[in-house]
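So the structure is just underneath, and the comments pick up after that.
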Amino acid sequence: MAELKLYNSLTRKKEVFEPIDTKHVRIYACGPTVYSYAHIGNARMAVVFDVLSRILRIIYPKVTYVSNITDIDDKIIAASQKSGEEISVITKKYADIYNADMASLGVIAPDIQPRATEHIADMIALIQILIAKNHAYEADGHVLFHVPSFAKYGGLSGRSHDEQMAGARVDIASYKRDAADFVLWKPSHKGEPAWGSPWGAGRPGWHIECSAMAAEHLGLPFDIHGGGADLKFPHHENEIAQSCCAHGSADDLSSFAKFWVHNGFVTVDGEKMSKSLGNVVLAHDLVKDHEGETLRLALLSTHYRKPLDWTGNAIANAKKTLDKFYKRLNQMKDMDIVDINSSKILDVLCDDLNTPLAITEMNNLLKQENSPELKSKLIAVGNILGILQHSPEKWLESKVFDGDLDVPYIENLLQQRTAARMNKDFARSDEIRDELISMGVTIEDTADGAIWKRYIVV
RNA sequence: GGCGCGGUGGCAGAGAGGCUAUGCAGCGGAUUGCAACUCCGUGUACACCGGUUCAACUCCGGUCCGUGCCUCCA
């Protein structure tokens with residue numbers, strides 16, 4: 001059995017992963033807030049944890065992967081007030097689009113995808129426990145977590161209470177007993193969504209949502225908690241505080257989740273994505289212009305913990321790499337899949353998800369002669385990385401992704417060119433090729449006739 | 001200001017105390033009506049300064065640069 005090593009943000013070390021229950025591995029990753037389209041950063045998180053869950057499923061007999069949808073949040077309320085659409089309409093719309101876009105990227109749906117609004121009762125119950133244990137208090141219609149009540153607070157992000165106060169740049173609400181205290185429950189104003197609670201009509205804070213949903217669907221402690229690196233503070237720190245104080249041990253930061261896994265940030269052309277810079281790259285737009293596998297490979301060609309700079313070059317590179325793999329698979333299309341015992345690439349992936357090295361190993365594999373073993377190995381790795389899932393013929397004929405191309409017209413031109421070449425009318429033949437190139441289509445003359453495919457303009 | 005992360009060849013991107021990373025691009029060649037594809041060959045690297053060591057790009061310290069979080073942003 002392969003040994004999986006993961007970098008644990010909680011201990012800041014790469015550690016051997018040992019499940020709490022080897023028969024059932026439980027993992028949670030913070031999903032998106034559905035008030036708009038998912039961007040490439042959301043996609044990276046979804047793809048990274050999809051790969052992790054695929055690896056876990058190879059090693060362990062049962063894996064439960066939970067990733068939530070946050071469907072109540074101030075940003076959603078703001079979006080609703082702006083557009084005039086009902087909140088439930090907005091959240092349904094963007095949750096559906098998120099799932100469709102992630103599916104395009106080859107992301108297998110999580111086993112459970114809980115919605116925050118379906119777990120309000122669990123959140124209220126959790127808050128009540130925290131109040132009963134003197135970790136939370138009611139003030140001015142709010143319920144707040146009292147940070148000084150949890151001595152280990154800050155253990156994940158490595159900030160002490162005093163350090164945070166030294167760097168605080170936020171105005172402190174008057175009802176807070178301590179500047180670091182954060183909201184568990186907040187009152188709703190007129191027109192805002194509200195649920196009844198012992199503290200009046202209101203809604204939950206963001207952090208309590210994940211604590212409640214993770215506990216409800218996985219139980220505590222569970223094995224792995226994931227999310228984007230930016231969530232480490234305050235979101236994950238606060239989740240740990242809530243969950244350890246309510247259900248686990250206030251002395252043990254790992255009594256909520258044993259491993260914390262964080263994926264790195266995505267920048268665009270060297271800059272942080274932000275609305276003010278106007279450089280937010282949406283997954284929804286990308287999947288219109290590129291095959292999902294191309295985008296997925298581009299996302300996996302940098303190690304998940306490293307910052308990833310998203311450029312057109314990365315997409316073009318991934319596309320070329322996939323074409324190369326599919327070409328070889330096409331040469332081996334009549335070969336059978338056989339059992340393979342070589343697990344070198346799985347070992348590489350088990351070393352903290354070293355996907356770039358796995359891709360390198362795939363390239364090295366290509367130096368071998370065609371054989372059922374080679375084909376089987378490529379397919380096996382592809383199944384983990386979530387690539388090479390199409391039939392090679394389809395991929396190479398560009399049938400997988402037509403984009404906005406006029407396929408019948410292209411194929412007509414191709415036939416004309418073939419006829420011209422038969423008659424040795426190379427001037428006409430080259431003229432047609434130039435036209436196709438101007439449309440973003442390249443031609444390859446193979447032994448079986450000419451094929452075409454779209455190429456990427458960077 | 002506080003807490004982190006990172007600086008590898010034209011580009012992307014792994015790695016490791018001494019052993020060719022790899023891919024793309026480039027260059028030379030084979031193939032091709034010309035190309036493309038494919039194949040063969042080929043060059044370039046480890047921010048800076050000290051230290052440890054027989055040996056450091058790899059460990060330690062410092063400097064510079066970049067970047068993330070500290071604002072319910074994945």
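Letters A, B, ... mirror the listed sequences (proteins, then strands); counts begin at 1. The basis for the numbers below is simple: all heavy atoms, side chains too, and nothing from hydrogens, waters or symmetry mates. As the structure is a prediction and not an experimental result, all values here were calculated from the model.
G10(B) sits 16 Å from C46(B) when the C1' atoms are compared, rounded to a whole Å. Going from the P atom of A25(B) to that of G17(B) covers 32 Å, rounded to whole Å. Taking the C1' atoms as reference points, G7(B) lies 16 Å from G62(B), given to the whole Å. A distance of about 13 Å separates the C1' atoms of C57(B) and A14(B), rounded to the whole Å. With both ends at atom C1', the span from U20(B) to A45(B) equals 14 Å, rounded to whole Å. As rounded to the nearest Å, A16(B) and G6(B) have P atoms that lie 14 Å from one another. Across A36(B) and A21(B), the matching P atoms stand 29 Å from one another, rounded to whole Å.
Nucleic acid contact for Val48(A): none, since no nucleic acid atom lies under 4.0 Å from a heavy atom of the residue. Using a 4.0 Å heavy-atom cutoff across all strands shown, Lys424(A) reaches no nucleic acid atom at all. Nucleic acid contact for Thr267(A): none, since no nucleic acid atom lies under 4.0 Å from a heavy atom of the residue. Residue contacts shown for Asn364(A) are limited to sugar-phosphate atoms, with no base heavy atom under 4.0 Å away. Among the protein residues, Pro356(A) comes within range of the sugar-phosphate backbone only, with heavy atoms under 4.0 Å from sugar or phosphate atoms but none that close to a base. Leu231(A) comes within contact range of the sugar-phosphate backbone alone, with a heavy-atom separation under 4.0 Å but no base atom that close. Counting any heavy atom pair closer than 4.0 Å across all strands shown, His262(A) reaches no nucleic acid atom.
Considering only side-chain N and O atoms, Asn317(A) lies nowhere under 4.0 angstrom from the phosphate OP1 or OP2 of C24(B). Lys320(A) has no side-chain polar atom (N or O) that falls below the 4.0 Å cut-off from OP1 or OP2 of C37(B). Within the 4.0 Å cut-off from OP1 or OP2 of G68(B), not a single side-chain nitrogen or oxygen of Lys232(A) is found. Contact check, Thr302(A) against G13(B): a side-chain N or O comes under 4.0 Å of OP1 or OP2.
Between the side chain of Asp309(A) and the base of A12(B), no donor-acceptor pair under 3.5 Å is found. In this model, no side-chain donor or acceptor of Arg305(A) finds a partner on the base of C5(B) within 3.5 Å. Scanning atom types as modelled, no donor and acceptor separated by under 3.5 angstrom connect the side chain of Thr360(A) and the base of G13(B). With hydrogens and angles ignored, no donor-acceptor pair under 3.5 angstrom links the side chain of Arg433(A) to the base of A36(B). Residue Asn354(A) places no side-chain atom within donor-acceptor reach of the base of G15(B), judged by atom type and a 3.5 Å distance cut-off alone.
Residue Lys272(A) contributes atom NZ, which lies 13 Å from atom P of U71(B) at whole-angstrom precision. One atom, CG of Leu156(A), and another, P of C5(B), lie 12 Å apart when rounded to the nearest Å. Atom-to-atom, CD of Glu237(A) to P of C72(B) comes out at 15 Å; the value is rounded to the nearest Å. Following rounding to the nearest Å, Asp101(A) (CG) and A74(B) (C1') show an atom-to-atom distance of 15 Å. Distance CG (Leu329(A)) to C1' (U38(B)): 16 Å, rounded to an integer number of Å. At whole-Å resolution of the value, OH in Tyr35(A) and P in C73(B) are 6 Å apart. Asn363(A) places its CG atom 12 Å from the P atom of A25(B), with the value rounded to the nearest Å. Rounded to whole angstrom, the span from the CG atom of Asn370(A) across to the C1' atom of U38(B) amounts to 12 Å.
Checked against a 6.0 Å centroid threshold, the rings of Tyr94(A) and Tyr37(A) count as neighbours. Centroid-to-centroid, the aromatic rings of Phe145(A) and Tyr137(A) stay 6.0 Å apart or farther.
When base pairs are accepted only as Watson-Crick or G-U wobble with both N-N or N-O distances under 3.5 Å, RNA chain B takes part in stems of 3 or more pairs at B:1-7 with B:64-70, B:10-12 with B:22-24, B:26-30 with B:38-42, B:47-51 with B:59-63.
Cation-pi check for Arg44(A) over Tyr304(A) is not met; the charged atom does not lie both under 6.0 angstrom from the ring centroid and within 45 degrees of its normal.
We find that Arg115(A) and Glu118(A) are not joined by a salt bridge, their nearest charged nitrogen and carboxylate oxygen being 4.0 Å or further apart. Salt-bridge check for Lys327(A) with Asp323(A): failed, with every basic side-chain N at 4.0 Å or more from each acidic carboxylate O.
No aromatic stack links Phe265(A) and the base of G68(B), using centre distance under 5.5 Å and interplanar angle under 30°.
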